[in-house]
Each structure stands twice: as structure tokens, then as C-alpha cells.
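Before any comments, here is the structure.
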Amino acid sequence: MAEKLAAVKGMNDILPPDSARWEWLEEKVRSLMGRYAYRNIRTPILEHTQLFVRGIGEVTDIVEKEMYSFADRSDKYGDNDQLTLRPENTASLVRAVNEHNMLYEGGKRLYYMGPMFRRERPQRGRYRQFHQIGAEALGFAGAETDAELILLAVALWKEIGLTDWRLEINSLGQPEERARHRAELIAHLENHADLLDEEAQRRLHSNPLRILDTKNPAMKAVVESAPRLIDFLGSQSLAHFEALKAILDANSVPWSVNHRLVRGLDYYNLTVFEFVTDRLGAQGTICAGGRYDYLVEQIGGKPAPAVGWALGVERVLELIKEQGTVVPMPVPDAYAVIPDAAALPLVMKTLQALREAGVSVQMHAAATSAGMGSMKSQFKKADSSGARFALIFGQAELDAGQVAVKPLRDGKADAAQAQLLQPLDDISSWAQVLRSGS
Ligand code: ATP
Ligand code: MG
């Protein structure tokens, strides 16, 4: 045998039956987004590196060390372009909104789902290909849109039975307010220079706010005693924050202010928030977002306010599992037992009609070229498929224009549930029974 090849480190295969949990979540999201009138957007996974450098910020973990970037070939199709696998979707989304002039007629509410790529150290809840679902509203400046997005996330948690979360909020104010805070923050950090780790030393003048976001426990004290951004906000910024809180309160959404919540990306202003859980260890943030009123312009568009969030699909599904929430697993309604391969043309015609009538049918198929396999082994497969019914396409029944339908699950021993003969030429008369399982 040839040598086995493995997947790239930190990149996972999502296999059945686990993939059913992913589909289940995606269905819930699609349905919910529809109810909030958010529309789906799909952008390319590859973008020009420059988009992320400009959109995320040069002095961020992502751009400094996490991107998968490469030079495209230089040939008649391309010019040695520097490309990057998207590490997040907001920059791409804003690029698309600008490129297609989507805000021409007013605001847009959008959502996306898909893989993102970051070259981080793989561990529980942290992968190199991971998946995000995100919602973004562009062209709306008010706190009501921040609130709508948070309420949308809360509705999703409810919909999927997720209870172990708490909401942390903060306000980053506006750039000029941040600039005043920044000066005092740098002074504070310089006073405690001996306590700063290497990364903090490096960011002291390029991105000091990000130091507040540190995951290094040794810096806890210096960070906790740092000047708080909220104390530098003007009345307008504070009013925006208060308006958000009032809407959350009216909707009984519990929140707490985390003064050190600054978010990893550079482009946020005013509201920032995270949904966190204590049940996933260090990777406890399941959903994060905020307002980014300057990004559209930064990426070359006409200035437009915007706000959004992204959730980590792996983390959300892990939390669902951790909580013991039962996700329905798909099983076929029926399993087709086929004693003789000679019957296949007629059998498959019947199965097509059943599926058209909404019945899910798993067909027995030969594992080897020696034939269909014994009835015993076929029934074993029927049983382990989880189907509620076996359809037995015996020759005698087929000759009489019929198929035998045998319950495999509940009421197996019940005489009333015993094997029934059904007509092949009138599937609609009995397909309903298979579908509902009644
Ligand atoms: P963290 O602080 O955990 O690194 P982040 O601030 O880098 O998160 P965002 O860029 O805000 O994360 O992404 C939004 C969400 O996507 C996160 O809250 C998390 O749930 C998820 N996420 C981010 N990076 C990863 C990853 N490498 N693997 C799995 N999920 C991730
Ligand atoms: Mg990160």
C-alpha cells in the first residue's frame, strides 16, 4: 500500500455523523437570519494580502504572524500578486460592499458562513482552519443596530439551546477619545515597564490598547490598574453606550461591562462585545464583535458606519456538546432490502418515486461483485441504518406488483405493525406512512 497522507496540522475533517451537527447549526442560522432580514453574502477565500493589512491592522496578531500568504505565480494569468487565505471575513465583506457599491440605496444587513485560516498553535477550540458565522449591518449608525445584532445572537443561543454564556460589553469611544486615553495608558505602562512582557514592550507605542487584551497572567495587575477608556469618553459616546444597555435591559439580556475588552482587531470603535463561556477552558470566547465605523472608508469606500459579530462554529458546537444538548441525527425512513440483483431496475424506479414523495430511503448495494448478499446481512444493515422500515423487494411480491413493508423500530412485536404489502403503482397511498413513521 502507498504511504498514507494526513491532513495539514490544525485543519480538521468534519465527518458524518458529526457533520450533521454542523448542518443542524447552519439550518438554524439560515432560518434565524431570514427572520431578522439578514441576507447571505459569499466572498472569495483568497484575497489580496493588502486587504487584510489595511483592514485588520499591521500591528495585530493576525497580520503579524497568523496569515497564510503566498506570492501567486507570475505568468500570463497573474503578476506575482501577494495573496492571503482569509483569516476573517469582515475585511472581504467590506471590500465586496465597496466594490459593488452596495450601500448606494441605503444600509445592508448581511451574514456569511465559512472557513477562515490563521496560523496559530492548534489546541482545543483553536485551529488553523476554523469556521465562522458572522452577521454585519452596514450603513446604520445607531445603537439600535448594535442591539439588534446582539439580540440576534441571543436568539440564536436560544434556538440551539445554548445556555452557558455571558455577555461582556465595552465602549472604545471615538479615535480622538482613544488618543487621549492612549497617552495616559502609555505613561502608566511605562511606569511599570519592568512588568511588561516582550510583546507588550513591542506594542507599547504601536498599539498599547491591545496590551489590555493580553492573555499573559503575569501582566494581570498592571493591566487591571491601567486607566480605563470609559473615563475618557465624551457625552455622545456615553449616550450611545447607554442606549445599547437600555435596549438590552428591555429585552432581559444580562450584560456586564468589561473595561479591558478591546478586541483583537484594530478597526473597532464605540461598542465592542463578546459572548464568553467558562466551559471551554482558555478558548472561552464563542462570539465577538463590535462597531467599526471607519473600516469602510479605510478600505477605500465612501465613509459608512458598520457593526457586526462573528462566532466560532467549532467552539459553539463544542459548547453544545459539553452541555449535553441532543442534536437530532439524520436516519433514513426506510432501508431497501433487495434479495436479487435482477430486480434492481424496477426497485430503483420505485425508490425514485418514493424519494420524490419525500421519503428518505437508503438502498442496499452490493459490497462485492458476488451478489447482493444474504437476507440476514441485508437486515443487519437495515437495522444499523436506523431506518424505521425495511422495504423488502422479494421476487414473489414484485411479480404481484407489490413490496413488503416491515417496521424495524417501535412496536416491532406488535401484530398491528406487522409486515404489510403495498402496491408499487400507487406509492402516494402509502409513502406518507413511511415519512411520518406513524
Ligand atoms: P481569540 O482571542 O480566541 O484568539 P480572536 O479575537 O482572535 O479570538 P475573532 O477574530 O474576533 O477572534 O474571531 C471571532 C471568533 O472566532 C472568536 O470569538 C472565536 O470563537 C473564533 N475563533 C477565532 N480564532 C479561532 C481559531 N483559531 N480557531 C477556532 N475558532 C477561532
Ligand atoms: Mg486570535
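Residues: numbered from 1 along the sequence shown. A quick note: this is a predicted structure, and the numbers were derived from the prediction, not measured. Indexing begins at 1, ligand by ligand and atom by atom, following the structure's order.
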*Under 4.0 Å, heavy atoms only, figure out whether ligand 1 is touched by the backbone of Asp61, its side chain, both or neither.*
neither

*Run down the list Glu120, Arg126, Met116 and name the one with the heavy atom closest to atom 3 (O) of ligand 1.*
Arg126

*In terms of atom number and element, which parts of ligand 1 are under 4.0 angstrom from non-hydrogen atoms of Ile286?*
20 (O)

*Roughly how far apart are Leu93 CG and Thr43 OG1, rounded to 0.5 Å?*
6.5 Å

*Applying salt bridge (Lys or Arg N to Asp or Glu O under 4.0 Å) between Asp61 and each of Arg203, Arg202, Lys215, report the one that passes.*
Arg203

*Within a distance under 4.0 Å of any heavy atom of Ala310, pick out the atoms of ligand 1 and give their elements.*
14 (C), 15 (C)

*Have a look at Gln132, Arg118, Glu88 and point out the one with the heavy atom closest to atom 12 (O) of ligand 1.*
Arg118

*Can you find an N or O of Tyr127 that's nearer than 3.5 Å to an N or O of ligand 1?*
yes

*Kindly determine whether Lys380 and Asp383 satisfy salt bridge (Lys or Arg N to Asp or Glu O under 4.0 Å), including the steps that lead there.*
CA-CA 5 Å; Lys380 227 167 128 183; Asp383 232 3; over 6 Å; no

*Is the side chain of Arg126 donor-acceptor paired with the backbone N or O of Glu120 at a distance under 3.5 Å, no angle test?*
no

_Per the salt bridge (Lys or Arg N to Asp or Glu O under 4.0 Å) rule, what does the pair list look like for residues 74-84, sequence neighbours excluded?_
none

Acceptor/donor pairs from residues 152-162 side chains to any protein atom, 3.5 angstrom cut, sequence neighbours excluded:
| unit_1 | atom_1 | unit_2 | atom_2 | d |
| --- | --- | --- | --- | --- |
| Glu159 | OE2 | Arg35 | NH2 | 3.3 |

*Have a look at ligand 1 and work out which part of Gln283, if any, has a heavy atom under 4.0 Å from it: side chain, backbone, both or neither.*
neither

*Can you sort out which atoms of ligand 1 are near Lys215, meaning under 4.0 Å from one of its heavy atoms?*
1 (P), 2 (O), 4 (O)

